[in-house]
Novice: 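The structure follows.
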Amino acid sequence: MTNPVTAVIDPATASAEIDLAAFSRNVRALAGHVAPAELMVVVKADAYGHGMMPCARTARAAGASWLGVATPGEARVLREAGDTGRLFCWLFGEDEDLVAPIALDIDLGVHHPAQLSRVVAAAAAAGRIARVHLKIDTGLSRNGCPPVLWDDLCSDARAAQEAGAVEVVAVWSHFAAADEPEHPANPMQIAAFHAAVDRARAAGLAVPIRHLANSAAALGMPDARFELVRVGIAAYGVDPADGELAEQAGVPLDPVMRLRAHLIATRAVAPGTAVSYGHRWAADDATVLGLVPLGYADGIPRAASGWGTEPGASVAVAGRRAPIAGTVCMDQFVVDLGPDAREEAGDEVTLFGGADSPSASDWARVCRTIGYEIVTRIGNRVPRRYSGGAQ
Ligand SMILES: Cc1ncc(COP(=O)(O)O)c(C=O)c1O
């Protein structure tokens, strides 16, 4: 049994507004920027919280020749919904069924000779040739074939290819610090990648496709683009490096998710009024508080709380910024609307992603995390409402 359908918040009360037209523009801009390399749009983790199927359809319509996901389960959902294009997945456990993904024409990442053996067996069971992408660890030390096993993996893959079990379509790897363009790991990883491709070719593999770049590298490292790039966060309009890389690359990106809610209540309070759990914030002067019906159960980080000594994140309300007052709770948080506020229950606040609102990167800075986490963690209880694009 899998999770039952989650009960959601009334979309009038709070929602994540997903602008698929913006997503489509971002995908087109990125495809143009990286050409002649092809673009894989990464739609794992429910398209970074934006909703996998609407984003996948929109990405295809905007010209993404590849989609990428982490798990075979995600890939299967795409196939079952009718996606027929090139589709790559790279993360599966020892006991996972690989027959179904091969039967569904899904390309698999392979990072170990033992894993290749499993793919070969699964290909035989599926009665198909499995398309594989061999992953070399160039320095992330996460997955990827350890360099000492690379020659074995390549020679096993060549043998499996000659036996008609697999087709090795690519060699690939992943950056550790592409969001820091000056980081010394970047040139070292590119050099290690070239060396691994050379060794694969020396082992008799053609390696028609090489892919290494994520969003940051696709934007800022032309020598890492090769034949294919795997772009996630930039397609969702969030800069991979705190608002700097896309602008430097001259690629306009628009936020795709706008997280908004109606105020549930407002109230005028006297100086000294303490607010929310732990009483970690108190009004210096008379002010007006607003109640926002989203909390950490919905992915609002508790680290965004506004405590006396540590200011929290802000929301946008009627063209102004209103800081979070006190601790973010499970379902709600309070904002300080200021002494002259005229807002009342039912008025709109934008948490992030609006034209004149904070960005996901602004929230990430306050919460000492990355924009990726801010958008991806928005919970299932928050309804997604779509506009534009291929829904
Ligand atoms: C293997 C792999 N490739 C590509 C991506 C896309 O990265 P980004 O969202 O930085 O473009 C990810 C995301 O984490 C990934 O794990």
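Everything quoted here is computed from the prediction, not taken from an experiment. We count ligands from 1, going down the list as the structure has it; atoms in each ligand are counted the same way.
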Novice: Counting from 1, what ligand 1 atoms have a heavy atom of Tyr48 closer than 4.0 Å?
Specialist: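 Contacts of ligand 1 toward Tyr48, numbered from 1: 6 (C), 7 (O), 8 (P), 9 (O), 13 (C).
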Novice: Does Asp362 come within less than 4.0 Å of Arg365, counting only side-chain N to carboxylate O?
Specialist: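 Here Asp362 pairs with Arg365 in a salt bridge, since their nearest N and O are under 4.0 Å apart.
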Novice: Looking at Trp90, which atoms of ligand 1 are within less than 4.0 Å of one of its heavy atoms?
Specialist: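 Selected atoms, number and element: 1 (C), 2 (C), 15 (C), 16 (O).
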Novice: Taking both backbone and side-chain atoms of Ala234, is any N or O found less than 3.5 Å from an N or O belonging to ligand 1?
Specialist: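 No, Ala234 has no N/O under 3.5 Å of an N/O on ligand 1.
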Novice: Val269 versus Arg267: any side-chain heavy-atom pair under 4.5 Å?
Specialist: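 Val269 reaches Arg267 side chain to side chain.
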Novice: Report the nearest protein non-hydrogen atom to atom 4 (C) of ligand 1: residue, atom name, distance rounded to 0.1 Å.
Specialist: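 Here the closest protein heavy atom is Arg230 NE, 3.5 Å.
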Novice: I need the contact type for Ile233 against ligand 1. Using non-hydrogen atoms and a strict under-4.0 Å cut-off, is it side chain, backbone, both or neither?
Specialist: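 For Ile233, the contact with ligand 1 is made by both the backbone and the side chain.
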Novice: Could a heavy atom of Arg142 be found less than 4.0 Å from some atom of ligand 1?
Specialist: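 Heavy atoms of Arg142 do come under 4.0 Å of ligand 1.
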Novice: Among side-chain atoms of Asp107 and His133, is any donor-acceptor pair under 3.5 angstrom?
Specialist: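 Per modelled atom types, Asp107 and His133 side chains form a pair under 3.5 Å.
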Novice: Counting N and O atoms only, with roles assigned by atom type, does the side chain of His33 sit under 3.5 Å from a partner on the main chain of Leu219, one being a donor and the other an acceptor?
Specialist: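 Yes: the side chain of His33 pairs with the backbone of Leu219.
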Novice: Would you mind checking which non-hydrogen protein atom is closest to atom 10 (O) of ligand 1, with the distance to 0.1 Å?
Specialist: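 Result for atom 10 (O) of ligand 1: Tyr372 OH, 2.5 Å.
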Novice: Which atoms from ligand 1 have a heavy atom of Val231 less than 4.0 Å away?
Specialist: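 With Val231 as reference, the close atoms of ligand 1 come out as 11 (O).
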Novice: Please check if any side-chain donor atom of Thr350 sits under 3.5 Å from a side-chain acceptor atom of Arg258, or the reverse.
Specialist: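 Note: Thr350 and Arg258 side chains meet the donor-acceptor criterion.
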Novice: Taking the six-membered ring for Trp, are the ring centroids of Trp172 and Phe88 within less than 6.0 Å of each other?
Specialist: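 Yes; Phe88 has its ring centre under 6.0 Å from that of Trp172.
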Novice: Applying the salt bridge (charged side-chain N to carboxylate O under 4.0 Å, His left out) test to Asp105, which of Arg86, Arg131, Arg76 qualifies?
Specialist: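 Exactly one option meets the salt bridge (charged side-chain N to carboxylate O under 4.0 Å, His left out) with Asp105, and it is Arg131.
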Novice: Just let me know how Trp172 lines up against ligand 1, side chain, backbone, both or neither, with a heavy-atom cut-off below 4.0 Å.
Specialist: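 Side chain only; the backbone of Trp172 stays clear of ligand 1.
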Novice: So that I know where these two stand, are His194 and Phe226 an aromatic pair - ring centroids less than 6.0 Å apart?
Specialist: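 Yes; Phe226 has its ring centre under 6.0 Å from that of His194.
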Novice: Run the contact test for Lys44 against ligand 1 with a 4.0 Å cut-off on heavy atoms, strictly below, and give the result.
Specialist: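 Contact present.
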Novice: Closest non-hydrogen protein atom to atom 11 (O) of ligand 1, residue and atom name please, with distance?
Specialist: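 Result: Ser215 OG, 2.5 Å.
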Novice: Please report which non-hydrogen protein atom sits nearest to atom 2 (C) of ligand 1, along with the residue it belongs to and the distance in Å to one decimal place.
Specialist: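 Residue, atom and distance for the closest contact: His174 CE1, 3.4 Å.
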